[in-house]
Amino acid sequence: MNRFAKFTITCYLAMGSGLALADQYALVSNDVQPLSNKVCATCHGANGQGNAVVGGPSLAGLEPWYVRNQLLSFRANYRGGQGSYIPAFEMQDSVAELSDSEIDELVAYISTWPALDTPATFTGDMSHGSELYASCAACHGIDAEGNAALNAPALATRDDWYMLRQLKLFKSGFRGGHPDDAIGAQMQAAVSVLETEQDMVDVVAYIKSMN
Amino acid sequence: MADRIHPTRSSNTKGKNRKVTRRELLTYLAATGSSATVLQASAALGLVPDTTVDIPQIPRVDPVNRPSVVVLGAGIAGLTAAYELDKAGYDCVILEAAPKAGGRCLTVRSGDVIDEVGNPQRCEFDDEDHLYFNAGPARLPSTHRNMLHYCKELGVELEIFINENKEAYVQDDAMLGGKPLKNKLFTTNARGFMAEIMAKNFEPKQLDVAFDDWEAESLIGAIRSFGDLSEDDLYKGSFRAGYLKGGYLEHGVQEDVVAFKELLKSSFMRSVLNANEGETGPVLFQPVGGMDKIVDGFVRQLNNKIYYSVAVTSVETTGDGVAVAYEHNGMKYMLQADYCFNCIPTHLMTGISNNFSPSYREAMAYVRRGEAYKSAFQTKTRFWEKDDIYGGISWTNQPIRQIWYPPHGMFKQKGIILSAYNFGGGMHFTKLSQEQRLETAIEQGEKIHPDYRQQVEKGITIAWHRMNHMLGCSARWQRNRSGMTAEEERLFNRIREPEGNRHYMIGDQVTLHSAWQESAVLSAHWAINDMVKRNSGGSSMPGRRIS
């Protein structure tokens, strides 16, 4: 019995299996530097699980129509074009030059990630949150299941830190403030029922509790 | 006037016959604005620390049962770890996210791509050996003995890097109406006036315990020499600032004295005089042909062990090793090794699946991303050489902060100048479009060199906060300038310790001195030494002690 574990290499999807690493890859010359086609993973994680530290929300499990809407919104500068919130700015720049077919590919790719639960990172006043949510339910559904016809995504599995930040951005006019952003304007109007930051915390905590 | 700018001293002189301690004297000298004086004085008093070379002594492993090591990230820290462990017989592989090695040790040449998220650029410099831009580290201090050790061992040829150049400029909108001033004029006048103040206030009687007459005479002599004072201890200008004209075949005419009040308007009084001391003091080196020649040196030794364009998706400790899942070309792989040395930036590691303990994750999530920004231009001519500038740095209080002139390629037609180096709070440029970044650099450079706009071509920018696979420059542990808090010390000590005994975070991000390659190297050495120490168990038996 070896006292040292040797490398064991498993190949999930490769045509063959049990191939050594060296057989799989041709070493890339230092002279060749193709642009990365995996920019998304840098912030959103290789499986779309997100990374709060760099401000990248989880994408796994998002409705494809919602992903498309947001990519189009960033490309059209509805989102990420104003203010100085760096992650939105990075996102806007990342998709600014995408073609329609590239957006199609991305939407399809992101939809292959299995849905993930995101943990709650804060709590709030649930009964107050429940009261506030009553008006949200009109679009997002009584169980926060979403409603594609109203462009309202499902909420309960999303990152709470991200939802809270978006509520603040809607409230401040940073999101939904572009004159051509009809969908965003709808939500911006809706957040008027949330008067304080504590209101936002409570309603997001309640949304997470429905998960 | 002296008292107004010497609050420390005026408060010290309340008791007329109070003795001045060594510490107070150093504080007093520091208050005059020149740490050069303090450094000279403190060196004489034996207070300057030393550095050591610290190459790990790794026991060679059993060649039949070689322990396996997976290194995540082919930056300087990862390359160092793999290089040393490979030499000792460990079975190493390196997984690198980018299509090339080096991480932030990045040199940009003709045709290279800067893979900035949302702002990819291809470098349009002419294809010549001397036309390169060190977009990351660009200086090797002579005291960074471990880096120099590897340069020597890997056959990386070095040349002198010029950091300080008194012929370069100091420009501050608050001083002289924004007119740039040659560094030699700034420095000579500042020192002259400071020396005059020190000489006027010099009272040997106050120093009667710490200094005898001879020492006191020696000190006042140093002060006079420091400022090139006249015999009556006044500063009346100095030829150290150069000649207005003449000096060789005809009598020289001195440059006009710049009013001290004018110099005091500039915050550079607090930085230019000591900008070239400590780690950026002479002697500094650079590799001939670009900083990434060091990367090339490591890669030559490790070439068949580095796998590029690999996206790590999961890192889990397994009790007796570490399991790493990754993707490459759309396929997923799993790899198990005895040890993992990980230099993935902590802020990205928090977004990669793992089974780390909460305290380890907490420490990772605490570290803030650095924001450094650099840009460069190729120039049509080496216009600075007509202004007696060969290498060195011009300083400005505009957001570009610095202009660097290349210390190599003298007299050639073209050159690459660094047109901005915003080392903290670089978000000013990060937020701008590529066109705005370049235009801003030109507008600000024009305040120092009037024909700047006509001279520059082919600009390139790098905002490390947005660089793909990194999203940050040097890690920052401190939330404020007053030093690390006890909480920060706790988090720092935690992240340096291995997770599950087998997983080490490395890189300058887990040192107290980030932004230097020496720190990256020392982080790898620290982790290797810790691994050896933990696993030898004091036994001289072959293999790793398992119980």
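In what follows, every chain begins at residue 1, and chains take the letters A, B, ... in the order their sequences are listed. Bear in mind the structure is a predicted one, so any value in this text is a computation, not a measurement.
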Whether B:Y333 and B:Y326 hold their rings parallel, tilted or perpendicular, with breakpoints at 30° and 60°: parallel
Examine whether an atom of A:Q49 lies under 4.5 Å from a heavy atom of chain B, and if so say whether it belongs to the side chain, the backbone or both; otherwise answer neither. side chain
Qualifying residue, where the test is side chain to side chain donor-acceptor pair (under 3.5 Å) with A:K208 and the options are A:D159, A:T118, A:T121, A:D160: A:T118
Do B:R437 and B:Y373 have side-chain atoms, one donor and one acceptor, less than 3.5 Å apart? no
Salt-bridge test for A:R75 and A:D93: reply yes if a basic N is under 4.0 Å from a carboxylate O, no otherwise. no
Quick one: side-chain hydrogen bond (donor to acceptor under 3.5 Å, both in side chains) partners of B:H503, sequence neighbours excluded? B:N342, B:Y360
Tell me, for B:R466 versus chain A, whether the close heavy atoms (under 4.5 Å) come from the side chain, the backbone, both or neither. both
With a strict 4.5 Å heavy-atom criterion, list every residue of residues 52-64 of chain A that contacts chain B, or say none. A:V53, A:V54
Residues forming a side-chain hydrogen bond (donor to acceptor under 3.5 Å, both in side chains) with B:E362, sequence neighbours excluded: B:R490
Region of B:T346 in contact with chain A, defined by heavy-atom distances below 4.5 Å: neither
Check each atom of B:L348 against the heavy atoms of chain A and say whether the ones under 4.5 Å are side chain, backbone, both or neither. both
For A:R175, all residues meeting side-chain hydrogen bond (donor to acceptor under 3.5 Å, both in side chains), sequence neighbours excluded: A:Y66, A:Q70, A:Q166
Can you tell which of B:H347, B:R368, B:M364, B:R109 has the highest number of heavy-atom pairs within less than 4.5 Å of chain A? B:H347
Considering all heavy atoms, the nearest B:M470-B:P345 contact: O-CG, 3.8 Å
